[in-house]
There are 2 protein chains.
Amino acid sequence: MQSRTPASRTGRPRSAAADTAILAATREALVELGWSGLTLGDVATRAGVAKTTVYRRWAGKSELVTDALATLFDQLVLPDRGSLRADIEDVVLQFAELLEQPATKTALMAVVAEATHDEALRQRIREKIVARQKRLVVEGRSRAQHRGEIPVDTTDPGPQIDLIFDVIAGAVVHRTLVSCEPVDTDWATRLTAVLLDGLAAAGD
Amino acid sequence: MQSRTPASRTGRPRSAAADTAILAATREALVELGWSGLTLGDVATRAGVAKTTVYRRWAGKSELVTDALATLFDQLVLPDRGSLRADIEDVVLQFAELLEQPATKTALMAVVAEATHDEALRQRIREKIVARQKRLVVEGRSRAQHRGEIPVDTTDPGPQIDLIFDVIAGAVVHRTLVSCEPVDTDWATRLTAVLLDGLAAAGD
DNA sequence: GGCATTACGCTACGGGTCGTAGCGAAAGCT
DNA sequence: AGCTTTCGCTACGACCCGTAGCGTAATGCC
């Protein structure tokens with residue numbers, strides 16, 4: 001999860017319960033206090049551990065919040081709804097529900113903000129969040145191709161996958177956090193329609 | 001800009017130069033230190049004013065950074081490129097260029113993060129940034145309808161405008177700040193193609 | 001069982017930032 | 001001139017940071 005203890009086999013092992021307690025306390029404190037208001041001392045108190053225990057495991061606030069956030073994103077799955085349209089609508093609503101949780105929205109934006117001037121943190125985010133969730137797009141695209149809904153191209157699919165991922169995730173994040181409007185089934189349907197059919201065909 | 005002085009006409013007026021100096025110093029400090037590292041005392045020193053002068057004008061870090069950010073967004077314009085496709089590609093590249101500036105990306109994400117638990121700040125962002133930039137979509141849509149590129153609907157255009165705004169802005173923000181990939185002309189073309197023609201038609 | 005090793009809780013510390021208060025000087029308006 | 005407000009400056013208590021040191025607890029190895 002955080003700093004590894006690779007070659008150490010002797011001595012008292014680290015409490016796994018402390019890990020989960022600290023991460024849970026971090027999410028709780030984020031909801032109540034936000035990024036600026038969150039202090040590691042307060043997290044330690046909420047988790048029922050000493051402040052030094054937190055510092056022994058995480059280098060700072062950014063790393064701790066990133067790990068607390070990663071545990072939330074792993075809830076996403078992609079059940080087969082039978083069509084590309086239904087699959088997209090499903091994952092949009094799922095992602096929106098995840099972003100409805102106050103801990104998710106606060107942590108995601110704050111960590112991305114910190115990452116703009118911290119290369120190591122950018123790497124951590126890409127590994128633990130972006131790369132993992134991009135698999136949803138890969139799987140949905142593969143299913144759609146097998147169904148014959150979209151053509152099987154011979155070129156490198158990477159750029160197209162990245163584009164779809166950014167459009168879907170970006171739209172949901174922007175709608176939820178910047179425009180501050182809810183993502184309901186109607187909006188998910190409209191977004192999916194634009195994605196599949198284009199603006200002209202999807203006009204009101 | 002910040003706290004108003006409505007009924008006060010007498011006494012020494014506030015220095016307008018101090019305002020611009022403080023906002024410029026805020027953007028500069030954001031680039032070097034990021035959100036967490038930025039302190040109002042440091043901003044005051046950079047701007048060449050006393051710390052108390054900053055506190056007299058802005059209530060806190062969030063409000064100051066929001067105003068510093070708003071001045072950056074007002075650079076966006078929507079020149080008439082002759083077609084909806086060209087207009088979209090143009091504004092995508094313009095928005096991406098704006099987000100390339102380190103001050104913009106850091107400030108935008110940090111302020112949005114703080115706003116997740118601060119209703120007054122959400123309101124400030126919507127008024128000073130979201131509402132202003134949404135006019136780009138309104139104008140581009142109006143032009144396209146006059147050209148006959150998209151149908152003129154009789155229903156409320158608000159939801160469709162909001163959707164387009166969130167898709168375009170969200171995709172660019174997500175691409176730039178979360179996926180950490182550059183927005184070049186090729187990507188802008190691909191995004192525009194998906195928007196106008198849909199996923200199936202725009203496949204590689 | 002005894003021993004080395006590591007993690008734990010606790011306390012204390014210097015350093016830094018916060019946001020505010022008070023002061024005298026400066027700059028405008030009538 | 002006189003009044004009013006802002007300005008720069010200094011100082012202050014409060015809080016959080018991140019680390020060090022201590023004694024204790026929990027494991028693996030001999």
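Just so we're clear, the structure is a prediction, and the values are computed from it rather than from any experiment. Worth knowing before you read on, the calculation uses all heavy atoms, side chains too, and leaves out hydrogens, waters and symmetry mates. Naming: A, B, ... by sequence-line order, numbering from 1 per chain.
As rounded to whole Å, 7 Å separates atom P of D/dT19 from atom OH of A/Tyr55. One can place CG of A/Asp42 at 8 Å from P of D/dC16, the figure rounded to the nearest angstrom. One atom, CD1 of B/Ile22, and another, P of D/dT6, lie 13 Å apart when rounded to the nearest Å. Atoms CG (B/Leu64) and P (C/dG19) sit 12 Å apart, rounded to a whole Å. Between the C1' atom of C/dG16 and the CG atom of B/Leu40 lies a distance of 14 Å, rounded to the nearest Å.
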Under 4.0 Å protein heavy-atom contacts per nucleotide of nucleotides 7-15 of chain D, with B for base, S for backbone only and - for none:
BBB------
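A salt bridge does not link B/Arg124 with B/Asp118: none of the charged nitrogens is closer than 4.0 Å to a carboxylate oxygen. With respect to A/Arg14 and A/Asp19, no salt bridge is recorded, no charged nitrogen being found less than 4.0 Å from a carboxylate O. Between A/Asp87 and A/Arg147 there is a salt bridge, with a side-chain nitrogen of the basic residue lying less than 4.0 Å from a carboxylate oxygen of the acidic one. Ion pairing of B/Glu63 with B/Lys128 is absent here, as no side-chain N (NZ or NE/NH1/NH2) approaches a carboxylate O to less than 4.0 Å.
Which of C/dG19, D/dC16, C/dG28 sits closest to the side chain of B/Thr10 comes down to C/dG28.
Here the side chains of A/Asp197 and A/Arg85 are in contact, with some heavy-atom distance below 4.5 Å.
Screening A/Arg126, A/Arg122, A/Lys134 for a salt bridge (charged side-chain N to carboxylate O under 4.0 Å, His left out) with B/Glu181, the sole residue that qualifies is A/Arg126.
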